K.L.:
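My questions will all concern the structure given below.
Note that ligands are numbered from 1 as they come in the structure, with each ligand's atoms numbered from 1 the same way. Treat the numbers as computed from the prediction; the structure is a model and nothing was measured.
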Amino acid sequence: MRIASGRAPSKLILLGEHAVVYGHPAFAVPLAVPGAEAQLAGADRCEPVVVHLEDFKIRWEFGLPEPAGELLPFSRLISSFLKSNPKTPKTGWRLSIRSRIPIGCGLGSGAAVATAALRALDEAFGVERSPKSLSDEIYKTEKILHGTPSGIDNTVIAIGRPVLFRKGKEFESVPAPNSPLHLVVGDTGIRHQTVEVVSDVRNARKAAAGRYDSIFAEIGEITLKGVQAFKKGAGRTLGKAMNENQGRLAAIGVSSREIDALISAALDVGALGAKLCGAGRGGCVAALAESSEGAERVKEAFKAAGAKTAFVTGILGQDIEACARS
Ligand code: MEV
């Protein structure tokens with residue numbers, strides 16, 4: 001065993017959430033900031049394996065009854081790791097996990113912390129793993145947190161590149177344009193439970209299947225149009241697609257007063273597009289700005305409109321100065 005660390009990015013669904021649950025395409029990007037980090041270090045050989053979630057100030061010892069809440073995905077992740085890699089020592093190491101990704105707001109914090117943890121485990125115990133296998137393992141933890149998620153979060157976070165995703169199908173990796181995308185995220189400060197919002201949408205669809213299905217189909221078309229614009233670096237067209245997508249998300253009842261306030265604030269100061277990201281009914285709003293100066297304006301507008309936090313970011317791997325200032 002060697003001391004090891006693992007990292008993973010947060011993500012934004014730029015287009016297509018909710019419709020993706022019903023088989024339509026969605027487009028997600030990994031973010032340059034914020035991210036999650038895990039450290040695996042040795043301990044006395046007699047000591048049990050310990051998992052420490054630093055943000056929650058909680059720890060769990062392997063061998064104790066299965067924990068509930070935030071620790072459950074990690075205890076399952078470690079049990080599954082030990083089962084698949086039986087030579088791994090069952091004592092004498094500790095895993096510490098830290099994340100700067102706000103929780104329950106559409107940035108994929110659950111998938112990111114689990115990905116960082118598994119990367120640290122793999123490195124420490126010399127396990128070679130394909131990105132697909134990483135994504136599949138993280139999907140198991142996502143099911144603990146979110147019921148039956150589409151799988152978009154674990155895919156984009158494990159792959160670490162923009163992806164066009166369709167549930168149950170091979171994802172398509174989408175090359176990022178040469179010119180950086182200036183993204184701004186504003187957090188309404190209202191936590192949502194993805195599983196509840198998805199279930200509300202499912203129930204509403206049962207009562208009006210025709211209407212909901214045609215909205216989902218429109219979202220799918222908007223997503224494909226937006227991805228073409230993304231590939232060409234056509235910010236205005238991509239921003240327009242985000243706005244059109246937001247209109248459909250409002251129509252299925254997953255926007256909110258707080259989300260609408262942040263979106264208006266961003267558009268008022270010149271954002272090319274803005275929409276909720278993730279399940280909605282709170283969580284974060286993502287806006288696309290034309291330049292780094294424009295992104296700073298949107299960030300300030302988010303704060304003035306009541307965002308709990310707001311930050312400028314970009315796509316993981318794209319060189320944007322703005323990230324350093326977030
Ligand atoms: C949540 O991040 C995105 C949803 O589309 C649910 C899912 O894809 O599982 C709302």
K.L.:
Look only at the side chain of Lys167 and the backbone of Ser150, and say whether a donor-acceptor pair between them is shorter than 3.5 Å.
P.N.:
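Here the side-chain-to-backbone pair does not exist.
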K.L.:
Could you check whether Lys225 pairs with Glu244 (Lys NZ or Arg NE/NH1/NH2 to Asp/Glu carboxylate O, under 4.0 Å)?
P.N.:
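Between Glu244 and Lys225 there is a salt bridge, with a charged N closer than 4.0 Å to a carboxylate O.
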K.L.:
Can you list the atoms of ligand 1 that are under 4.0 Å from a heavy atom of Pro149?
P.N.:
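Those of ligand 1 that fall under 4.0 Å from Pro149 are 9 (O).
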K.L.:
Can you sort out which atoms of ligand 1 are near Val20, meaning under 4.0 Å from one of its heavy atoms?
P.N.:
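Ligand 1 atoms under the 4.0 Å threshold to Val20: 5 (O), 8 (O).
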K.L.:
Quick check on salt bridge (Lys or Arg N to Asp or Glu O under 4.0 Å): which of Arg100, Arg98, Arg119 does Glu37 satisfy it with?
P.N.:
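The passing option is Arg98.
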K.L.:
Between His24, His192, Lys11, which one has a non-hydrogen atom sitting closest to atom 2 (O) of ligand 1?
P.N.:
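Looking at heavy atoms only, Lys11 sits closest to atom 2 (O) of ligand 1.
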K.L.:
From the options Ala111, Ser150, Gly106, select the one whose nearest heavy atom is closest to atom 8 (O) of ligand 1.
P.N.:
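The nearest heavy atom belongs to Ser150.
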K.L.:
Go through ligand 1 atom by atom and flag the ones less than 4.0 Å from a non-hydrogen atom of Asp153.
P.N.:
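Those atoms are 2 (O).
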K.L.:
Return the closest protein heavy atom for atom 3 (C) of ligand 1 as residue, atom name and distance.
P.N.:
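Ranked first by proximity to atom 3 (C) of ligand 1 is Ile13 CD1, 3.7 Å.
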K.L.:
Look at the side chain of Trp60 and the backbone N and O of Val49, then say whether any donor-acceptor pair between them is shorter than 3.5 Å.
P.N.:
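A pair under 3.5 Å: no.
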K.L.:
Quick check: does His18 get an N/O under 3.5 Å from an N/O on ligand 1?
P.N.:
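N/O-N/O distance below 3.5 Å exists for this pair.
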K.L.:
Which atoms of ligand 1 sit under 4.0 Å from any heavy atom of Gly278?
P.N.:
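So the atoms of ligand 1 that pass are 2 (O).
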K.L.:
Is a salt bridge present between Glu172 and Arg166, judged by a nitrogen-to-oxygen distance below 4.0 Å?
P.N.:
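The answer is no: the pair does not qualify as a salt bridge.
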K.L.:
Do Lys140 and Glu137 meet the salt-bridge criterion of a basic N to acidic O distance under 4.0 Å?
P.N.:
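Yes.
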K.L.:
Would you please say whether a donor-acceptor pair under 3.5 Å links the side chains of Asp55 and Ser99?
P.N.:
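No donor-acceptor contact under 3.5 Å links the two side chains.
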K.L.:
Show me which atoms of ligand 1 lie under 4.0 Å from any heavy atom of Glu17.
P.N.:
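Listed by number with element, the hits are 5 (O).
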